Structure formats: C-alpha cells, structure tokens
Amino acid sequence: MVKRESHSSDHLTGGSPRKIMSTKLATALAAFFLLASIAVIIAIATVQTHKKTYLSPGLKYGIVLDAGSSRTTVYLYQWPAEKENNTGVVSQTKKCLVAGPGIAEIDADSWKNLKKCMDEITKAIPPSQHNSTPIFLGATAGMRLLYLKNEDAANNILLAVQKYLRSLPFNFQNASIISGQEEGLYGWITVNYLMGNFLEKNMWNAWVHPHGAKTVGSLDLGGASTQIAFTAPDDATGEDLIRVALYGYEYNVYTHSFLCYGKNEAEKRVLAKLAKMSTNWKRVNHPCYPTEYSITVAASDIFGSECTKREVPATYSPDKNITYFGQSDPARCKDLVKNIFDFKSCQGKENCSFEGVYQPPVSGDFMAYAGFYYTAWALGVKGSNSLEKFNSTMWSFCSKTWTMLKKNHDITEKHLKSYCYSANYVHTILADGYKFNADNWENLNFQKEVNQTSIAWSLGYMLAQSNMIPAEAKLLKLPIPNSIFAGLLFIFSALIIITLMFLIITLVRFCF
Ligand SMILES: *[C@@H]1O[C@H](CO)[C@@H](O)[C@H](O)[C@H]1NC(C)=O
Ligand SMILES: *[C@@H]1O[C@H](CO)[C@@H](O)[C@H](O)[C@H]1NC(C)=O
Ligand SMILES: *[C@@H]1O[C@H](CO)[C@@H](O)[C@H](O)[C@H]1NC(C)=O
Ligand SMILES: *[C@@H]1O[C@H](CO)[C@@H](O)[C@H](O)[C@H]1NC(C)=O
Ligand SMILES: *[C@@H]1O[C@H](CO)[C@@H](O)[C@H](O)[C@H]1NC(C)=O
C-alpha cells in the first residue's frame, strides 16, 4: 500500500518536465488569486470600517423650543453632518427647562428664565456653527386655548417671541402654534425614528426597510391636550388619517388630539365639577385628594380657563376661594374622573373613542410618554405591566392618607397630591377611551426617553421641517438589491474555498 502510493506520487511529480511546469504554474496562479482575493476583502473591510473617519466633516445642530402649556422646554439636537438623512442619528445633547409658566402667560420673570436657557444652549454650540443652526418654536395647546380666548393676545406673544428668537445668532426658521394633528404626527415620527422603525442597518451595513417592520403607536399627555397616533389599516379613512411618505414607504397614520384633556386642564375640569356640585365652597370634598390634605384655591384658577367656561356657576366671582378636602376614596375618584369624559357621543357607535371621535381599534405596541410616563412612574408601574397591576396599584395609592403618601414618595407636594387623580385619568382614557384591555395593556410601554433622547414631538417636528426624513429613499438604497449582493458574496466565498482546496491538494501532491 505504502509503496504503491509513493509510486503513484512519484509518477505524478516525477513525470515529464512539462507536467511539473504546468503544476507549478497552476499553483502559482492559484496562490496569486487567493492572495489577491484576500487583499480585496481586507481592502473592502478597511474602507467600510473607516468610512466614518474619512467622511466626517463634523456635527450639525438644531434647536427646538417646545412651548407647552405649563412651561417651555428648549431642546438642542446634534447629528453627524454627512448622515443627516439617515435614521436614528439625531440625538439630544441638551435640554433646558424654562422655569415659570408657558408662553401664553409669559411675564418679566419667565422672559428672564427663557433668556437664561438660551444663553446655556448658545454656549453648547461652537460659534462657527451658530448661523447654520436652525431654530424653531412650536407652541401647543396652551397657546391654542389662548388663541380661542383672545386671538390678538396670542398673536402679540408670538410676534414678541419671534422678534427675540430672530435676535439670536441662529438661523431662525419658524415660531408658530402647531395644530393638534401636527403634534400627534410629530410625536409618532419621533417615537419610530428613535426606535429605528423606519429604516435599519442590515448585515452589509446598508440601510433597508426592516422586513415586516411594525411601527409603534404614540401616546402623549401634555398639560392642556393629549394626542394618540398609530398606523391604521390601509382602508381606514377620515379627517384624522394622514398618509405620510417616509424613506420611500407610505404610512396611513391615525392621529387625534383632544383639547382640554391634558393633565392640568382635565384636573381643572374635575375641580370645577366638584365646586359646581357643592353648596359650600369653604368645604368641598375631593375623593382623589388624600385625607388629611386640604388646599384653598382662587375660583379664577379653576373657572378662568377656556376648558371650564361651560361649568361656571351663576354665583361665580373670580376672587372667591374654594377649599378642597381630601377623602382618599378610590371608587368615587374613578367615577368622578370618568364623568369628565364625554362617552355618551360614542354610544351605539363602533370604533369610537370619546366625544364622538372615530378611532380604529388600537393595534401593536404603544409608547406612552410625557404625562403618561410621569403618572406610571409615580405609581411605580413604568415600563410594561398588566392592566390588573395598574389598577391595583392605583387603588392602593388612592387609599393612602397624606401622611402615608409623603412618607413613601419623594415627590413635591404640588405634584404628589394629584397623582391619584392622574392615575385615574390615565386608566380611564386608555381603558374606557382608547379601549386598551387586559389583553393588550401589556403592549403599552410607559417610557420618557430612548437613548437619552426625550420622546417629544419636538424632534419629529425638526426632522420634518428641515426635510431630514426624505419621502423617497433613493439616496439610501443599495446600488444592487440585497439578495443579489448576498448571492455574489456567496459565489465569491465559494470560489475562494475551491481555490484554497485546489491549492492544498496540489501542494500536498507536490511535496510527497
Ligand atoms: C438630504 O435630503 C435632502 C432632500 O432630499 C437633500 O437635499 C440633501 O442633500 C440630503 N443630504 C445629504 C447629506 O445627503
Ligand atoms: C411654520 O410652522 C407652521 C406650523 O407647523 C406651518 O404651518 C407654517 O407653514 C410654517 N411656516 C414656514 C415659513 O415654514
Ligand atoms: C382667598 O385666599 C387668599 C389666600 O389664599 C386670601 O389672601 C384672600 O383674602 C382670600 N379671598 C377671599 C375672598 O376670601
Ligand atoms: C370598525 O373597525 C373594524 C376593524 O378595522 C372594521 O372591520 C369595521 O368595519 C369598523 N366598523 C365601522 C362601523 O367602521
Ligand atoms: C380595580 O381594583 C379594585 C380593587 O382591587 C377593584 O374593586 C376594581 O373592580 C378594579 N377595577 C377594574 C376595572 O379592574
């Protein structure tokens, strides 16, 4: 056996000089091809991994002022300049909370606070970038309400704010009241942009539409309004449905904003209801406030709002006081809060939330942020939980006395006293209004940020207003389809393996 093998090997290697030559030539060629292939692969890999450093001319910045009903928040965003049309690249680098009321009630002090925030933001941007940094202001429900009440007052505030923003060293874009529908849509864009639902990097480092991707719904709870937005079935139509094209895909987004259903305005409506039912404003019982707690408020703080004007009693005068006494009564609190919702207009109607508003059935996951998040956080049920858990936690929170609440929570008194009310509000709007139930409550995620960037309409607003999410995805598509690219890579790898095997076999034969 051994002999025969060595003989046959002798026969091959010790053959004619021509055969030896051709074997050597083939080996050399194969070796060359292999080395060349490896060199090409290394070159591609190097270019891919160093692409960032080759193309990075620096950062870009954008500023958005979210002029909310209870306060203004200034956001500073940044992103790598060459990636401005990619998804998920914009991040929040600074957030400044302007102390004081919202711009609808702007006074000398809040002007000072606004300027303080803008100084801080200005310092965070390199001076050479100032004049290329866009700045936007969007005012929401607080200003929508003022506009309804006094159009001139609202316009004068906007003009004053515009004048101030134009005086800053930035590239002024817009300062206006955005509609509730815009607010809802921009919130939805923010959520899905931050979660990378529009586009994702595939294994070849190219941007593609995620296979079978689902978008996440958006639930925003502000001080004066609340917004819901989610992708509806294609056949859903109506004034609350908007078709938006993002990165080459069209989405049918349902969105509705409920004015006067924000956390603070809805609370005023609760307080108004109680005061209206009471004959003695020196002692009004409040089932949502804790026992041992009482507070005196001016009647104008409650009845001065556009949202309570239909509740104003005949005996009303603005300088009257109303004193509320807490009762820690979860069952009556729930009934009371449910009472400020108009469910009657939906009776007998299918696909109706409240106030007679059409809403397709909720589907998929939802991000519940802003006031929704803070309420869940105060109860200790942020993230995802069951409806049962939310209800039982709320029930026990609402049963506690003021002393017990203060002992167990490190929250300012101003906010702590109201969390039982807001828990009931959140439970009611989600379960009775939007129709979340025991089966899909766990699809709700109570969260306030993604990758340290706040979930807020302001990011989606900037992206949309500066065309940073193109309707078409031309720029981002691979030159060849993914499947062909994968096929080529497979054939290429197979060729290398075959060459390698040929080389090894030849070498083995050559040596023995
Ligand atoms: C981003 O898209 C806009 C509009 O489609 C285009 O004008 C701009 O050049 C793009 N920017 C980059 C860096 O590709
Ligand atoms: C400013 O923003 C408002 C609300 O988003 C929009 O209707 C308006 O067209 C914008 N104006 C400009 C000049 O972009
Ligand atoms: C209402 O209460 C404030 C203090 O909270 C007090 O200064 C004011 O005199 C009261 N007004 C009336 C009409 O009782
Ligand atoms: C309600 O929504 C469901 C699911 O989208 C749909 O099948 C049904 O036709 C809708 N009903 C009405 C009255 O629109
Ligand atoms: C919430 O929990 C309370 C107390 O455990 C219970 O009485 C009530 O029926 C529950 N409500 C719902 C809607 O599950």
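Keep in mind that what you see is a predicted model, and the values were worked out from it rather than measured. Basis for what follows: all heavy atoms, side chains included, without hydrogens, waters or symmetry-related copies.
- Smallest separation of non-hydrogen atoms from Thr140 and Gly68: OG1-CA, 3.5 Å.
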Does the salt bridge (Lys or Arg N to Asp or Glu O under 4.0 Å) test come out yes or no for Arg144 and Glu183, once each step is laid out? CA-CA 12 Å; Arg144 271 173 230 143; Glu183 192 179 359; 2.6 Å; yes
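- The aromatic rings of Phe390 and Phe446 lie parallel to each other, with less than 30° between the two planes, well short of the 60° mark.
- A donor-acceptor pair under 3.5 Å is absent between the side-chain atoms of Ser418 and the main chain of Tyr421, judged by distance alone.
- Taking both residues in full, the closest heavy atoms of Ala81 and Lys60 are given as CB-CG, 3.9 Å, listed atom of the first, atom of the second, then distance.
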Could you check Trp79 against Met468 for side-chain contact (heavy atoms from CB on, under 4.5 Å), going step by step and ending with a plain yes or no? CA-CA 11 Å; Trp79 61 93; Met468 283 167 73; 3.4 Å; yes
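- Put simply, the side chain of Ile135 reaches to within 4.5 Å of the side chain of Leu65, judged on heavy atoms.
- Put simply, the side chain of Tyr373 does not reach to within 4.5 Å of the side chain of Glu449, judged on heavy atoms.
- Rounding to the nearest 0.5 Å gives a distance of 9.5 Å between CG of Leu185 and OG1 of Thr190.
- Side-chain atoms of Thr255 and Trp188, non-hydrogen and from C-beta on, never get closer than 4.5 Å to each other.
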Would Leu145 and Cys260 satisfy side-chain contact (heavy atoms from CB on, under 4.5 Å), going step by step from the backbone distance to the final call? CA-CA 9 Å; Leu145 287 173; Cys260 294; 4.0 Å; yes
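- Between Trp377 and Tyr419, the two ring planes are perpendicular [angle over 60°; tilted spans 30° to 60°].
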Apply side-chain contact (heavy atoms from CB on, under 4.5 Å) to residues Val426 and Met394 and explain how you reach the verdict. CA-CA 10 Å; Val426 167; Met394 170 175 88; over 6 Å; no
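- Under the 30°/60° scheme for interplanar angles, the aromatic rings of His427 and Trp441 are found to be tilted.
- Between the side chains of Tyr369 and Ser454, no donor-acceptor pair is found at a separation under 3.5 Å.
- At least one side-chain heavy atom of Tyr358 sits less than 4.5 Å from a side-chain heavy atom of Leu241.
- Figure legend: Lys115 and Tyr164 shown as a cation-pi pair, the cationic atom lying under 6.0 angstrom from the six-membered ring centre and within 45 degrees of its axis.
- Between Glu306 and Lys309 there is a salt bridge, with a side-chain nitrogen of the basic residue lying less than 4.0 Å from a carboxylate oxygen of the acidic one.
- A side chain to side chain donor-acceptor pair (under 3.5 Å) with Lys334 is found for exactly one of Asn391, Asn339, Thr428, namely Thr428.
- When only modelled atom types and interatomic distance are considered, Ser257 and Gln227 share a side-chain donor-acceptor pair under 3.5 Å.
- Not a single donor-acceptor pair under 3.5 Å links the side chain of Thr231 to the backbone N or O of Tyr251.
- Seen from the ring of Phe341, Arg269 does not count as a face-on cation partner, given the 6.0 Å and 45° thresholds.
- Considering all non-hydrogen atoms of both residues, Ser384 and Asn445 come closest at OG-CA, 3.8 Å.
- Without hydrogens or angle criteria, Ser305 side chain to Ile302 main chain gives no donor-acceptor distance under 3.5 Å.
- Without hydrogens or angle criteria, Thr453 side chain to Gln92 main chain gives a donor-acceptor distance under 3.5 Å.
- Rounded to the nearest 0.5 angstrom, Thr226 OG1 and Leu219 CG are separated by 7.0 Å.
- Classified by interplanar angle (parallel below 30°, tilted 30° to 60°, perpendicular above 60°), the ring pair Tyr254/His256 is parallel.
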Under the side-chain contact (heavy atoms from CB on, under 4.5 Å) criterion, do Tyr425 and Glu267 qualify, and how do the steps go? CA-CA 9 Å; Tyr425 170 89; Glu267 183 168 20; over 6 Å; no
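- Taking the centre of each ring, Phe397 and His409 come in below the 6.0 Å mark.
- Distance alone, capped at 3.5 Å, places no donor-acceptor pair between the Thr308 side chain and the Glu311 backbone.
- Of the inter-residue distances, the one linking Leu430 atom CG with Asn440 atom CG reads 10.0 Å to the nearest 0.5 angstrom.
- Using a 4.5 Å heavy-atom cutoff, the side chains of Phe136 and Leu165 are not in contact.
- Contact check for Asn174 versus Tyr461: side-chain heavy atoms found under the 4.5 Å cut-off.
- Residue pairs meeting the salt bridge (charged side-chain N to carboxylate O under 4.0 Å, His left out) criterion with at least one partner in residues 238-250, sequence neighbours excluded, are Asp234-Arg243, Arg243-Glu250.
- Scanning all heavy atoms of the two residues, the minimum distance from Ala175 to Leu158 falls at O-CD2, 4.2 Å.
- Between Cys420 and Cys288, a gap of 2.5 Å or greater is found separating the two SG atoms.
- Other residues, nucleotides and ligands contribute over 12 non-hydrogen atoms within 6.0 Å of the NZ atom of Lys435.
- Shown here for Phe172 and Gln162, the closest heavy-atom pair between the two residues is CZ-CG, 3.8 Å.
- A distance of 11.0 Å separates CD of Gln465 from CE of Met462, quoted to the nearest 0.5 Å.
- A donor-acceptor contact closer than 3.5 angstrom is absent between the side chains of Asp119 and Thr122.
- Within the 4.5 Å cutoff, no side-chain heavy atoms of Thr133 are placed close to those of Asn171.
- The environment of Tyr61 atom OH is dense: over 12 non-hydrogen atoms of other residues, nucleotides or ligands sit within 6.0 angstrom.
- Once rounded to the nearest 0.5 Å, the distance linking CG of Leu459 with CD1 of Ile189 reads 9.5 Å.
- Within the model, atoms CD of Gln447 and CD1 of Ile455 stand 5.0 Å from one another, a figure rounded to the nearest 0.5 Å.
- A ring-centre distance under 6.0 Å is found for Phe354 and Tyr261.
- Counting only heavy atoms from C-beta outward, the side chains of Phe258 and Ser353 approach each other to under 4.5 Å.
- Environment of CG in Asn451: sparse, with no more than 12 heavy atoms of neighbouring residues, nucleotides or ligands closer than 6.0 Å.
- For Tyr193 and Tyr186, the ring centers are positioned 6.0 Å apart or more.
- For the ring pair (Phe, Tyr, Trp, His ring centres under 6.0 Å) with Phe436, the lone residue among Phe372, Phe366, Phe230 that qualifies is Phe366.
- In this structure, Gln78 and Leu59 approach most closely via the heavy-atom pair NE2-CD1, 3.6 Å.
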